[in-house]
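Have a look at the structure below, then the notes.
Note on naming: letters A, B, ... go to the chains in the order of the sequence lines (proteins, then strands), and numbering restarts at 1 for each one. Heavy-atom basis, side chains included; hydrogens, waters and symmetry copies ignored.
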Number of protein chains: 2
Amino acid sequence: MAEPEDLTARARIRDAAMQLFGEHGFEGATIRGIAEAAGVSSGLVRHHFGSKQALLEACDAHLVKLIRRLNDEALAGAGGNHVAAARIAVGPYQAYLSRALVDGGAAPLFDEMVRLGAQWLAAVDRTRPDAPDVAPEVRAAVSTAMALSITVLHEHVSRAMGVDVFSPEGDVLLARALIDLYSHPMLSAEDARKALDGIERHR
Amino acid sequence: MAEPEDLTARARIRDAAMQLFGEHGFEGATIRGIAEAAGVSSGLVRHHFGSKQALLEACDAHLVKLIRRLNDEALAGAGGNHVAAARIAVGPYQAYLSRALVDGGAAPLFDEMVRLGAQWLAAVDRTRPDAPDVAPEVRAAVSTAMALSITVLHEHVSRAMGVDVFSPEGDVLLARALIDLYSHPMLSAEDARKALDGIERHR
DNA sequence: GCTTCGACTACACAAGCGTATAGTCTGCTG
DNA sequence: CAGCAGACTATACGCTTGTGTAGTCGAAGC
């Protein structure tokens with residue numbers, strides 16, 4: 001990322017807003033605080049973005065653009081390893097992503113990730129012996145949420161793991177844990193059948 | 001749950017606070033709004049809880065007590081089916097749970113869920129052929145986060161699934177999706193080995 | 001050289017916030 | 001009956017908030 005002093009004031013305000021929105025939430029962050037963090041007057045924030053709500057929307061749009069670019073890069077580069085997808089490095093914007101998802105502002109972003117996940121799922125399904133029990137988009141929705149959970153709950157995951165998941169050591173440990181979890185089914189075939197029977201009986 | 005008019009004013013205030021904190025976040029919710037939702041004056045909120053911060057802490061404590069009770073019931077009743085654990089029905093408090101987790105207030109709650117998950121994981125490990133690659137507490141942390149992701153991101157999961165995950169139909173669909181996902185490894189043994197080699201090489 | 005326009009600041013304003021205080025009402029205790 | 005404690009309300013006080021307005025400054029265009 002560029003040095004702060006190299007960015008235009010508009011970009012500096014947006015970056016500061018994403019950090020403070022992520023830290024304190026939309027209501028918790030103040031225009032004056034954002035302006036100070038960006039090194040400008042509070043009036044300039046209004047001059048460039050019009051209102052606090054519009055500033056938030058600009059941040060959302062910026063995040064979508066950013067993630068889309070990261071997605072394209074990852075798709076072109078790593079060849080679509082989905083273990084990496086669970087460790088999305090949105091750099092300094094993780095907190096903002098979490099807030100946006102919980103506040104409900106990141107809906108288009110989530111939907112796009114589901115679309116990407118469904119694509120990959122369809123590829124895996126072709127090499128699968130038994131027919132899946134539920135529609136691909138449903139499984140894609142659930143596994144997308146699970147992939148995002150590491151980012152959204154990174155604070156708690158880090159505390160429970162004893163290492164910051166976004167540090168180099170934490171990243172390696174997390175990757176190994178994900179590989180282990182993803183390569184070992186938590187339910188045996190008979191357990192799955194029993195669980196399904198339980199659902200049918202329950203209805 | 002009891003009817004609102006049967007509860008003491010203190011309990012009504014706490015319930016209203018949990019709903020509004022969950023809906024609008026800590027800063028977004030107002031004491032006056034909470035008081036109105038509870039049908040009392042704003043002064044009474046202060047009389048019972050002292051401050052907004054203390055009210056939040058009382059809500060956190062109430063949630064911990066509530067989840068602990070639900071956990072005990074589920075453990076005693078269903079026999080420890082962990083598919084059910086991913087569909088924690090915290091009733092009308094789902095939104096509050098999500099906020100608390102993202103705001104960082106629900107740390108003890110998350111930790112307790114990890115402890116419970118680790119316990120169950122240890123049981124599964126005993127019937128596992130190969131030795132796990134990473135420590136149980138790490139895997140427990142990751143799978144706890146994944147289990148919670150459905151609740152935290154329920155809005156997005158529901159939208160992507162086309163059904164509200166907390167409705168009866170959505171619950172069944174979600175359960176079947178989880179059983180399918182949990183009984184089919186996303187990574188084959190060789191894929192896992194390749195991924196692990198990739199990590200080693202990368203270091 | 002004068003005008004124009006956009007970046008930018010300083011200051012003012014009304015509204016809403018959490019908090020504080022004074023007081024009322026009710027039921028219990030001696 | 002008096003006294004008191006606790007639930008509860010009404011109202012007020014600073015303070016911060018988002019927003020609005022007036023004005024400065026510097027560069028580009030004619």
Side-chain angles (χ1 to χ4, degrees), chain A residues 2-63 95-96 99-100 102-105, chain B residues 2-63 95-96 99-100 102-105:
Chain A
E3 294 295 316
E5 57 262 32
D6 292 345
L7 297 172
T8 64
R10 193 174 199 281
R12 280 204 324 272
I13 293 171
R14 188 199 350 92
D15 283 356
M18 291 190 78
Q19 182 179 335
L20 290 180
F21 282 154
E23 261 176 57
H24 308 112
F26 178 69
E27 306 284 347
T30 68
I31 289 191
R32 285 170 174 85
I34 292 166
E36 190 182 0
V40 300
S41 73
S42 71
L44 191 61
V45 176
R46 174 176 162 79
H47 173 69
H48 278 301
F49 295 94
S51 74
K52 195 184 184 185
Q53 184 65 38
L55 172 58
L56 178 75
E57 280 156 24
C59 289
D60 279 341
H62 184 66
L63 183 64
Y96 184 85
R99 294 278 185 183
V102 175
D103 284 0
Chain B
E3 294 294 317
E5 57 262 32
D6 292 344
L7 297 172
T8 63
R10 195 174 198 281
R12 281 204 323 272
I13 292 170
R14 184 192 2 85
D15 283 355
M18 292 190 78
Q19 181 178 335
L20 290 181
F21 282 153
E23 260 176 59
H24 308 111
F26 178 68
E27 307 284 349
T30 68
I31 290 191
R32 284 171 174 85
I34 292 166
E36 189 182 1
V40 300
S41 73
S42 71
L44 191 60
V45 176
R46 174 176 162 80
H47 173 69
H48 279 301
F49 295 94
S51 73
K52 195 185 184 184
Q53 184 65 38
L55 173 58
L56 179 75
E57 280 157 24
C59 289
D60 279 341
H62 184 66
L63 183 63
Y96 184 85
R99 295 277 185 183
V102 175
D103 284 1

Dump every N/O contact between nucleotides 19-21 of chain C and the protein below 3.5 Å, one line per pair.
unit_1 : atom_1 : unit_2 : atom_2 : d
C/dT19 : OP2    : B/K52  : N      : 3.0
C/dA20 : OP2    : B/R46  : NH1    : 2.4
C/dA20 : OP2    : B/R46  : NH2    : 2.6

Testing the basics here: between B/I34 and B/A16, what is the closest heavy-atom pair and its distance to 0.1 Å? O-CB, 3.7 Å

Report which part of the nucleic acid B/A35 touches: base, sugar-phosphate, or nothing (heavy-atom distance under 4.0 Å, all strands). nothing

Spacing between B/F49 atom CZ and C/dG18 atom P, to the nearest angstrom: 15 Å

CZ of B/R10 versus P of D/dA7: gap in Å, rounded? 9 Å

For B/R32 and B/S42, which heavy atoms make the closest approach, and how far apart are they? CG-CB, 4.2 Å

Between P on C/dC25 and NE2 on B/H47, what's the gap in Å once rounded to a whole number? 17 Å

Check the distance between D/dC25's C1' and A/L44's CG and give it to me in whole angstrom. 14 Å

What's the verdict on side chain to side chain contact (heavy atoms under 4.5 Å, CB included) for B/F49 and B/R10, showing C-alpha distance, side-chain angles and the deciding distance? CA-CA 9 Å; B/F49 295 94; B/R10 195 174 198 281; 3.8 Å; yes

C/dG18 P sits how many Å from B/L20 CG, rounded? 11 Å

Distance, rounded to the nearest Å, where A/F21 contributes CZ and D/dG18 contributes C1': 12 Å

When you look at B/F21 and B/D103, which way does the side chain to side chain contact (heavy atoms under 4.5 Å, CB included) test go after all the steps? CA-CA 11 Å; B/F21 282 153; B/D103 284 1; over 6 Å; no

CZ of A/R12 to CG of A/D15, rounded to nearest 0.5 Å, is 10.0 Å

To the nearest 0.5 Å, what is the distance between CZ (B/R46) and CD1 (B/I31)? 8.5 Å

Using whole Å, what does the distance between atom P of nucleotide C/dA7 and atom CD1 of A/I13 come to? 11 Å

D/dT9 C1' sits how many Å from B/H48 NE2, rounded? 12 Å

Which of D/dG18, D/dT9, C/dC8 is nearest the side chain of B/S41? It is D/dT9

